[in-house]
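Just below is one structure, and these are the notes that go with it.
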Amino acid sequence: MSQCWHTGFVLLLAVTACGQQPRPEELEMNWEPVEDLNADLPPGVRVYAGRNDRLPLRAWYVRIDEADPAITTRVVVSDEPDRRETVESFARDLGACVVVNGGYFVMSQNPARHAGLLLIDSILIEPATRSVVRDTVRYEAARAALGLVGDSVAFAWVTTRRDTVYAWAEPPAHRPGHPAPPLRYEAARPWPVRDALSAGPALVVGGQVRVTTNEEVFFGSAIPDVHPRTAVGRTADGALLVLVVDGRQLESRGVNLEELAWLMRGIGAVDAINLDGGGSVSLVVGGRLVNRPVGGTALREVMSALATFCE
């Protein structure tokens, strides 16, 4: 979520306690293909809608076959003077068939500043978050990121140093009030990706639900709570998965990070991370807004996005 929502936000709906593991049947979404959208898309891009009337939840996901030579996904950034535009604007201007909101950003600055790694065409636009302070204690950060190179989708915990992006097999072992030892860069490796986008935390790692809220120092913030959500992941065969969950409305309450992780695992993700959420959650397919951001159709302007191009 962009860094404008933390203070003063009051949930109008009952929330699920952060960290409580949901029972699988509670998250049954009854996914169905959205045929009117799929009819105009190549076979390698498929949109599904799901609902759970008991919670209640409304969600959509897109499965994108990155190995299809007619399909390419890129990280994109706004070229507006204030570095902000809607997901619909990205889709219209770029001619992309699928666009979803991207990483965290600071809306209070003009132009907006990305909060975490942003790499496009191997050019570092914004470095990874170096450290985070909680209750006067500083934690060195390595947060989850999506990387794209060729037709491959990669995930890692990342840092940057002297314009080089480093990938870590494990995040720092932070706990509230107990920072991990300083990072040892000999344990990392340069991450040779073309595009990269950081947000976090990780949700699914190696096929298992693993929400690294503490390790990525998201404790003490609103991010673990119930919100509208965007997540991105990959399947075992390398397809890209993009998921949005509506929230803050009677038809869909939103989800916490644990629930989001189980939703991603349920649609086949072997790796997945959380992206910006709240009012930023927007999915546009074929030029059409698919979800209802926080119960309406007005879109928040965002700084970065994931755009899929279909020939």
Could you give the distance from [atom1] ([X]) to [atom2] ([Y]), rounded to the nearest 0.5 Å?
X    : Y    : atom1 : atom2 : result
E311 : D68  : CD    : CG    : 8.5 Å
M29  : L57  : CE    : CG    : 5.0 Å
E251 : D53  : CD    : CG    : 10.0 Å
D195 : I120 : CG    : CD1   : 6.0 Å
R234 : I273 : CZ    : CD1   : 11.5 Å
L148 : L240 : CG    : CG    : 7.0 Å

May I ask you to check whether [X] and [Y] show a side-chain donor-acceptor distance below 3.5 Å?
X    : Y    : answer
N274 : Y104 : yes
T73  : E66  : yes
R248 : H227 : yes
E140 : S131 : no
W157 : E170 : no

What are the two closest heavy atoms between [X] and [Y], and how far apart are they?
X    : Y    : answer
P190 : Y166 : N-CD2, 3.9 Å
L257 : P201 : CD1-CG, 3.6 Å
A261 : V209 : CB-CG1, 3.8 Å

Check your understanding: Hey, would you say the F105 and H114 ring centroids sit under 6.0 Å apart?
Key ->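 No: the rings miss the under 6.0 Å criterion.
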Practice item. Determine whether more than 12 heavy atoms belonging to other residues, nucleotides or ligands lie under 6.0 Å from atom CG of D135. Key: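 No, because the 6.0 Å sphere around CG of D135 holds 12 heavy atoms or fewer from other groups.
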Exercise for review: Find out whether M107 and R300 are in side-chain contact, i.e. whether some heavy atom of one side chain is under 4.5 Å from a heavy atom of the other.
Suggested key: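 Counting from C-beta outward, M107 and R300 do come under 4.5 Å.
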Check this for me: does any side-chain nitrogen of one of [X] and [Y] sit under 4.0 Å from a carboxylate oxygen of the other?
X    : Y    : value
E259 : R253 : yes
D246 : R58  : no
R210 : D271 : no

Point to revise | Joint hydrophobic cluster, L299 plus L94, side-chain heavy atoms closer than 4.5 Å | key: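 Yes, one cluster joins them.
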Check your understanding: Counting only N and O atoms by type, is there a donor-acceptor contact under 3.5 Å from the side chain of Q249 to the main-chain atoms of G247?
Key ->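 The answer is yes, because a donor-acceptor pair under 3.5 Å joins these two groups.
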Check your understanding: Counting N and O atoms only, with roles assigned by atom type, does the side chain of D151 sit under 3.5 Å from a partner on the main chain of P69, one being a donor and the other an acceptor?
Key ->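 Here the side-chain-to-backbone pair does not exist.
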Practice item. Please confirm whether R161 makes a cation-pi placement over Y185, using NZ or CZ under 6.0 Å from the six-membered ring centre and within 45° of the ring normal. Key: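 R161 over Y185 ring: yes.
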Exercise for review: Taking the six-membered ring of F218 (Phe, Tyr or Trp), confirm whether the NZ or CZ of R143 is under 6.0 Å from its centre and within 45° of its axis.
Suggested key: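 R143 over F218 ring: yes.
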